[in-house]
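Structure, as structure tokens:
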Amino acid sequence: MVSTDRLLAFAAMSFLLIVIPGPSVLFVVGRALAQGRRAALTTVMGNTVGAYVLVVAVALGIGSVVERSVLVFTALKLVGAAYLVYLGVKAIRQRGSLRAAFSGEGPVRQSALRTFWEGFAVGVANPKTIVFFAAVLPQFVDRDQGHVALQMLLLGLVFNIIAVTSDSVWGLVAATARGWFARSPQRLAMVGGAGGLAMIGLGVTVAATGRKD
């Protein structure tokens, strides 16, 4: 299986990648500001499962197809970007309902299952993670030891453990700041607008960056 040296080296590289806020972190923060702690943590779980699907894809050899095909990679990237913009516009349009939700006058916020799947969609379409798993993950596999797929799954699990911890911290901090905004109707409406704008900006960034080959 994976040697301790390789495992630690991969964990260190994963940590450096994860601590730099990317699409997943910004999406979690946007959810925390718009909907609170529970939605943020549910988004983190969906995001993590989505990222691990990418690990499984790479372990099965599918990841190399995405990494080598400009068309497939670009299509996946643009779908993810469009979805982020859609969620951002939706958050802005519904920003007034945040105040009603806090006062008990408005409708119940969206279900945990829906929040989970939205996080999953962002996680599985994250260009930053796709490139990392497709191009970097295989380099830490010791093919002489055999069980290549299992080694990749183990390394991917290490990545996700670090990611879920980091993303949860980001979400909890953002949710705590949301409490201050909730004391004022104007601030609360601003939270919804800011979270929506953040997701729209993130979608545009995802669409504009990435491979250019």
Ring-plane angle category for Phe120 and Trp117, please: parallel below 30°, perpendicular beyond 60°, tilted otherwise.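 Phe120 vs Trp117 ring planes: perpendicular.
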Does Glu118 reach the main-chain N or O of Thr43 with its side chain, forming a donor-acceptor pair under 3.5 Å?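 No; zero donor-acceptor contacts below 3.5 Å.
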Can you tell me if Tyr52 uses its side chain to pair, donor with acceptor, with the backbone of Asn47 under 3.5 Å?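 No, the answer is negative, given that no donor and acceptor are paired below the 3.5 Å cut-off.
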Can you find a heavy atom in the side chain of [X] that is under 4.5 Å from one in the side chain of [Y]?
X	Y	answer
Leu153	Leu157	no
Phe116	Val49	yes
Arg31	Thr42	no

Test applied, side-chain contact (heavy atoms from CB on, under 4.5 Å); reference residue, Ser168; option that passes from Thr48, Val28, Val173, Leu41: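 Going through Thr48, Val28, Val173, Leu41 one by one, the side-chain contact (heavy atoms from CB on, under 4.5 Å) with Ser168 is satisfied by Leu41 alone.
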Joint cluster assignment, [X] & [Y], ILVMFWY side-chain distance < 4.5 Å:
X	Y	answer
Phe159	Leu150	yes
Leu172	Val44	no
Leu60	Val53	yes
Val148	Phe133	yes

Could you state the interatomic distance from [atom1] ([X]) to [atom2] ([Y]), rounded to the nearest 0.5 Å?
X	Y	atom1	atom2	answer
Ile161	Ser166	CD1	OG	13.5 Å
Asn160	Thr165	CG	OG1	10.0 Å
Arg37	Thr176	CZ	OG1	5.0 Å
Leu154	Arg6	CG	CZ	13.0 Å

Kindly write out the residues that satisfy ring pair (Phe, Tyr, Trp, His ring centres under 6.0 Å) with Phe140, not counting sequence neighbours, or none if the list is empty.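 Phe10.
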Heavy-atom pair of closest approach, residues [X] and [Y]:
X	Y	value
Val164	Met45	CG2-SD, 4.1 Å
Ala32	Ala40	CB-CB, 3.6 Å
Ala11	Val158	CB-CG1, 4.0 Å

